[in-house]
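Heads up: the structure comes next, in structure tokens.
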Amino acid sequence: YERAKLFARDHYDLVLVARSSDKLNQVAAELQSQFGITVKPVALDLVPAPAPKFLFDQLQREGTAVDILVNNAGFGAFGEFASMPEEEILGQIHLNITALTHLTRLFLPPMLARRNGKIMNVASTAAFQPGPLMAVYYATKAYVLSFSEALANEVAGSGVTVTCFCPGATDTGFAKRARTENSRLFKKIGAMNAEAVAQDGYRGLMAGRTLVISGAQNWLVAESVRFAPRKLVTALSRWVADKAE
């Protein structure tokens with residue numbers, strides 16, 4: 001919502017996609033009323049394989065050209081991999097990786113043809129290290145980071161930019177769904193304000209930066225793991241993810 005508000009403030013018309021139609025319609029009405037823009041709400045679960053193409057085809061039929069694509073949909077789940085329900089494992093992969101990749105593949109070529117456009121893929125500081133107790137989530141975000149940086153290189157000079165946004169722990173509904181609200185990360189270290197995080201990402205996207213890490217502390221952690229022994233990084237990652245005493 002905070003990121004959508006920043007686009008609306010700068011008078012961008014919006015297409016908002018989420019599973020919950022009630023909340024989506026409420027947000028759309030608020031943004032239209034407050035900023036005088038056009039907002040198209042699309043209630044759609046992006047996990048099923050046909051969903052990205054369904055969305056793209058619908059917008060094509062309506063003549064809606066997407067100048068900025070924000071791949072923000074994603075979720076995590078806490079628990080040991082061996083005991084995690086298969087639908088949670090595969091759901092993370094389908095949404096965090098497959099849907100993001102498919103949407104990018106669909107919307108990028110028209111941007112390149114117009115020689116104008118921006119793509120933001122939302123990863124996480126989780127992308128920089130393995131994540132015991134959230135192994136699949138961390139791995140999916142590593143994919144998003146690698147994919148985005150490679151794509152940014154491929155489209156350099158085309159008029160299109162690709163930005164990978166890596167926020168750390170943020171005060172949103174993510175922790176509740178992921179069952180990590182009692183982790184040391186949220187209880188002891190603390191989460192950043194959602195509005196401040198959204199502003200960091202928005203500024204980086206508009207500037208065409210390839211990698212944006214929100215928060216100085218998060219940037220230091222992301223940089224430091226490159227030089228630390230991998231086993232130590234993994235052990236610390238587990239300590240942070242585990243439940244606070």
Side-chain angles (χ1 to χ4, degrees), residues 1-8 10-32 35 37-76 87-88 90-124 137 140-141 143-145 147-148 150-152 154-155 158-165 167 172-174 177 198 201-202 205-206:
Y1 176 71
E2 295 297 338
R3 189 174 296 113
K5 196 156 59 172
L6 293 173
F7 283 106
D10 287 345
H11 307 295
Y12 284 96
D13 292 330
L14 300 174
V15 178
L16 300 180
V17 182
R19 293 184 305 164
S20 172
S21 59
D22 291 344
K23 187 172 182 181
L24 199 59
N25 290 331
Q26 179 185 342
V27 168
E30 288 175 3
L31 293 175
Q32 287 182 142
F35 298 101
I37 60 165
T38 299
V39 182
K40 177 180 175 60
V42 180
L44 182 66
D45 184 353
L46 289 169
V47 170
K53 188 69 162 58
F54 173 84
L55 173 64
F56 178 77
D57 288 345
Q58 181 178 331
L59 295 178
Q60 287 283 97
R61 286 193 300 270
E62 296 171 357
T64 301
V66 173
D67 298 310
I68 301 175
L69 172 67
V70 179
N71 283 316
N72 186 58
F75 77 97
E87 60 269 21
E88 285 196 350
L90 298 177
Q92 289 175 84
I93 294 170
H94 290 325
L95 185 58
N96 300 3
I97 293 179
T98 307
L100 177 144
T101 305
H102 195 182
L103 286 166
T104 302
R105 177 59 182 84
L106 292 166
F107 286 97
L108 176 59
M111 292 181 185
L112 291 172
R114 295 191 300 268
R115 297 194 63 80
N116 181 59
K118 297 179 184 296
I119 296 175
M120 175 193 277
N121 290 328
V122 178
S124 165
Y137 174 76
T140 63
K141 293 306 181 180
Y143 170 90
V144 174
L145 174 60
F147 171 67
S148 301
L151 203 57
E154 289 185 10
V155 303
S158 69
V160 178
T161 59
V162 177
T163 297
C164 185
F165 180 44
T172 65
F174 173 86
R177 183 177 184 188
Y202 188 76
L205 172 68
M206 292 306 178

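Just so you know, these numbers come straight off a predicted model, no measurement behind them.
- Taking a 6.0 Å sphere around CZ of Arg105, one finds it holds 12 or fewer heavy atoms contributed by other residues, nucleotides or ligands.
- In this structure, Arg3 and Asn72 approach most closely via the heavy-atom pair NH1-OD1, 3.0 Å.
- Within the 4.5 Å cutoff, side-chain heavy atoms of Met206 are placed close to those of Phe7.
- When all heavy atoms are compared, the tightest approach of Leu95 to Ala73 is CD1-CB, 3.8 Å.
- With a 4.5 Å cut-off on side-chain heavy atoms, Phe35 and Lys5 count as touching.
- Between Tyr137 and Ser124, the closest heavy-atom pair is OH-CB, 3.7 Å.
- For the atom pair Met120 CE and Thr104 OG1, the distance stands at 12.5 Å (nearest 0.5 Å).
- Between Ala123 and Leu145, the closest heavy-atom pair is CB-N, 4.4 Å.
- The shortest distance between side-chain heavy atoms of Val155 and Ile119 does not fall below 4.5 Å.
- Nearest heavy-atom pair across Ile37 and Gln32 is O-CG, 3.3 Å.
- For the pair Asp67 and Arg114, the minimum side-chain heavy-atom distance is below 4.5 Å.
- Looking at heavy atoms from C-beta onward, Pro48 lies out of side-chain contact with Phe54 at the 4.5 angstrom threshold.
- To the nearest 0.5 Å, atom CG of residue Leu205 and atom CG of residue Asn121 are 10.5 Å apart.
- A distance of 13.5 Å separates OG1 of Thr140 from CZ of Phe147, quoted to the nearest 0.5 Å.
- Counting only heavy atoms from C-beta outward, the side chains of Gln92 and Phe75 approach each other to under 4.5 Å.
- Annotation: side chain of Val144 is not in contact with side chain of Val122 (no heavy-atom distance under 4.5 Å).
- The NZ atom of Lys40 sits 7.0 Å away from atom OG1 of Thr64, with the distance rounded to the nearest 0.5 Å.
- Contact between Leu16 and Ala4 at its shortest, heavy atoms only, is CD2-CB, 4.1 Å.
- Between atom CD1 of residue Ile97 and atom NE2 of residue His102 there is a gap of 15.5 Å, rounded to the nearest 0.5 Å.
- The distance from the CG atom of Leu103 to the CG atom of Leu46 is 6.0 Å, given to the nearest 0.5 Å.
- Using a 4.5 Å heavy-atom threshold, the side chains of Leu108 and Leu151 count as touching.
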